[in-house]
Amino acid sequence: MTVALPPALTQLVERLLHTGRYADEGDVVREALRVLEHQEFDESPALEAAILDGVRSFHVPYDASVLDRIRQNARL
């Protein structure tokens, strides 16, 4: 596989190589893809806990007043 990178990303790869953490460009790309995979497909423990809290909590139907309160809190 051949990948063309814009100059800014090429410079980033070169800087990462100079740290000594990576053996070659392929190592940098593999690590970047691992991080992307984790970000895309793995849920964080905090997110999972928040989802479970929401599922377990008492359901409050949304109406205009609830949505207004959410909007007001979001502006703070």
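These values consider heavy atoms only, across backbone and side chains, with no hydrogens, waters or symmetry-generated copies.
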(message) Would D63 and V66 count as a side-chain contact (heavy atoms from CB on, under 4.5 Å) here? Give the steps.
(response) CA-CA 5 Å; D63 60 14; V66 172; 3.4 Å; yes
Would you mind writing out the side-chain donor-acceptor pairs for residues 21-35 within the sub-3.5 Å range, not counting sequence neighbours?
residue : atom : partner : partner atom : Å
D24     : OD1  : G26     : N            : 3.1
D24     : OD1  : D27     : N            : 2.9
D27     : OD1  : R30     : NH2          : 2.6
D27     : OD2  : A23     : N            : 3.0
E31     : OE1  : R34     : NE           : 3.3
E31     : OE1  : R34     : NH2          : 3.1

Donor-acceptor contacts, no H, no angles, side chain residues 3-16, under 3.5 Å, sequence neighbours left out:
residue : atom : partner : partner atom : Å
T10     : OG1  : P6      : O            : 3.2

